[in-house]
2 protein chains.
Amino acid sequence: MVTIKQVSEKAGVSSATVSRVINDTGTVKEKTRKLVVAAMEELGYRHNVVAASLASNKTNTIGYVVPELHGSFFGAMMGGTEQALREARKHMLIATGHSDETIEKTQIEALLSRRCDALILHVEAVSDDYLINLVQQGVKLVVVNRYISDIDDNCISLDNVKGGYLAARHLLDIGHTEIAYLAGSLFKADGINRLVGHKQALKDADINYDDSLMYEGNFQAKSGAEGIRALVARGKPFSAVACANDEMASGAMNALREMGKRVPEDVSVIGFDNIDFASYLTPGLTTIDYPVKQIGTMAAHWVLDRVYGKGSHEFTHVVDPRLILRGTTSSPE
Amino acid sequence: MVTIKQVSEKAGVSSATVSRVINDTGTVKEKTRKLVVAAMEELGYRHNVVAASLASNKTNTIGYVVPELHGSFFGAMMGGTEQALREARKHMLIATGHSDETIEKTQIEALLSRRCDALILHVEAVSDDYLINLVQQGVKLVVVNRYISDIDDNCISLDNVKGGYLAARHLLDIGHTEIAYLAGSLFKADGINRLVGHKQALKDADINYDDSLMYEGNFQAKSGAEGIRALVARGKPFSAVACANDEMASGAMNALREMGKRVPEDVSVIGFDNIDFASYLTPGLTTIDYPVKQIGTMAAHWVLDRVYGKGSHEFTHVVDPRLILRGTTSSPE
DNA sequence: AATCCAATTGTAAGCGCTTTCATTAAATAT
DNA sequence: ATATTTAATGAAAGCGCTTACAATTGGATT
């Protein structure tokens, strides 16, 4: 491996000067710069970022922890981050936490050991206090899809309550009054908040929230289908069903059809997240857009601003969901 | 930041010994080990992997280049890799190439500068020669979803020809003879090979391949719908359509329905890839399973074996696709 | 021509670890 | 008890870079 030293000798300058032209820091005469560049090319020099990181105490690396890599959600988020970071020549070290406290902590610790300049965390099992503590220790981190008031400046999240509200509100607006709800896992903040918004919308419309029209699933398509069957079995009529996410909505649509009910003529369905496939369903799924990519971008901007002090990027802590109208909702007959 | 030196002083040993207990190398008496561990905990020591990497000339980091982060494909692949690597305590540095030659090269170069021990590359724009050259320079890398005969040991790919064959074969088996094909981009190897397999199956069944029943799309859902419309406009009848991937199949299904044709009663549809959503469609999409995750796992195994010499993992260079029967195909009426 | 200042460049001290080699302690053999 | 191995440790030389700080250079100033 050719080193900076060899380049400096070939170019007849000191290694400090070579370092200067590599990093474009300090002042170096154009003539010497060219000399150095030529020497680097001739020798096939490749900068050793590890050594540079050790010396400068900066890695230009952002650690990223997400629950899983599969599925389209986290890819979209990381994609937003990557795009913004790439322009700033930062790189991402990615790890998965599997929604397990021990694993999440291990991964965070590993990323810190690798001296990441900052962390972007989508963690679910670790406690608020643990994260607050990290911040207090001086760890630069941004928590996505989670709100912790003590470190609110470090958080970027979606307003899930508003999303739930928007969905129910749409159903109400087009005339539904008997609205079922297929909830996600209610031990997860997202699951709870979306339902909270739903209830609020009903309340604002003076419609009584009926627990027997609610079914708790787990965000998977299958639980959406099961939910519909359970709801129907309970015997309470409903003309529309709001779902905690698109997967569940998809499962619900299938179950409804199996029972001979048409969507949206007999039952309107609305999802949440607006995953890629929502538009591929027939009819296209009406849903609430979760701007995942935007959240990923925001996280990158936070890091660029706060950690690297690179100008002021567009930035917001709470991202707004919005209604995407497609074909699975219509006024009740 | 507390260093190994401080720990060694607190524990009353040399820094070499501390390094030994951290890395579990060499021999160290149980008693001193405990002493060191205690000192580390008391001081809140955090290993500096950057310094360790520089000294040992090993980063325990694998560089990963994929075209994009969004979508469910690469996430699934990286997920397979990550799972296998995590157990071996290796980490992944992820970069995107955007199917652009310059970007791909820049990213590879950046990962090499960061001294990744190995690279896993899903690159599309860079030439075979470029990759061959890297391997000859001694760069440890595995190319996924691409086959280059000169460095075949470094490649892991799916047998796309066989996949295309399997799909057409299924359609033939259940009695179809007028089979349309919605191709992906034909400047991509995957697009070509899947079509090649398709043609071969027809040939083996003594059925003439008719170019007017083929439409070249671009792997997107929209182009699937457009393809159906174009095919129908051409006036040649067909009772089944094989698609280059599930997205296109989904688009095709929607277009067929819009034209009043039922799937599979009027037209059978088969996809390719078996993305998550294939099973959510109604009816479930019959398709060819692309074992992406498995490919990701294989890539990890290659690295673990060849680069870190960690035992012998299960390993294969060409992964086999297989037919997934669901509801979009049936015998012609 | 002497002086001063800013622009360039060089010197050298780390950054925090790993690892070879030498040394010492402990264990086993004679 | 002494010689011989073997296990456990320490000393110290890097790994390849960055970055104060010092030194030099080359005008510009007076």
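Order of the sequence lines sets the chain letters (A, B, ...), proteins ahead of strands, with each chain counted from 1.
Rounded to an integer number of Å, the gap from B:H47 NE2 to C:dG16 C1' is 9 Å. When rounded to the nearest whole Å, the span between CD1 of B:I22 and P of C:dG16 equals 13 Å. At whole-Å resolution of the value, CG in A:N48 and P in C:dC15 are 18 Å apart. Between A:K5 atom NZ and C:dG10 atom C1' the separation is 13 Å, expressed in whole Å. With rounding to whole Å, A:R33 atom CZ is found 18 Å from C:dA7 atom P. Taking atom NZ of residue B:K58 and atom C1' of nucleotide D:dG14, one finds them 18 Å apart after rounding to whole Å. With rounding to whole Å, B:E30 atom CD is found 17 Å from D:dA7 atom P. Taking atom CG of residue B:N57 and atom P of nucleotide D:dG16, one finds them 7 Å apart after rounding to whole Å.
For the salt bridge (charged side-chain N to carboxylate O under 4.0 Å, His left out) test, residues two or more places apart in sequence or in another chain that qualify with A:D273 are A:R194.
The side chain of B:S19 contributes no N or O atom lying less than 4.0 Å from OP1 or OP2 of C:dC17. For B:S14, a side-chain nitrogen or oxygen approaches OP1 or OP2 of D:dG10 to under 4.0 Å. Taking only side-chain nitrogens and oxygens, B:T17 never comes nearer than 4.0 Å to OP1 or OP2 of D:dT9.
Side-chain atoms of B:H317 and B:D152 include no donor-acceptor pair closer than 3.5 Å.
Where B:S15 and B:L54 each meet DNA chain D at their nearest nucleotide, the meeting point lying more 5' is that of B:S15. For the pair B:V18 and A:T32, nearest-nucleotide mapping onto DNA chain C gives the more 5' position to A:T32.
What you find for B:R146 and B:V126 is that their closest heavy atoms are NH2-O, 2.8 Å.
When distances run from any side-chain atom of B:K29 to the nucleotides D:dT9, D:dC17, C:dC17, the shortest one goes to D:dT9. Distances were taken from every side-chain heavy atom of B:S56 (C-beta onward) to each of D:dT18, D:dG10, C:dT18; the shortest belongs to C:dT18.
Within the 4.0 angstrom heavy-atom criterion, no nucleotide atom of any strand lies near A:V50. Looking at heavy-atom distances under 4.0 Å, A:A16 makes contact with a base. Residue A:T27 is classed as a base contact, given a heavy-atom separation below 4.0 Å to a base.
Although no hydrogens or angles enter the test, the distance criterion places a donor-acceptor pair under 3.5 Å between the side chain of A:N154 and the main chain of A:L141. Of the possible donor and acceptor atoms, one in the side chain of A:S56 sits under 3.5 Å from a partner among the backbone N and O of A:A52.
In terms of polar N and O atoms assigned as donor or acceptor, the side chain of B:R115 never comes within less than 3.5 Å of the base of D:dG16 in a complementary pairing. At a cut-off of 3.5 angstrom, the base of D:dG10 holds at least one donor-acceptor pair with the side chain of B:R20.
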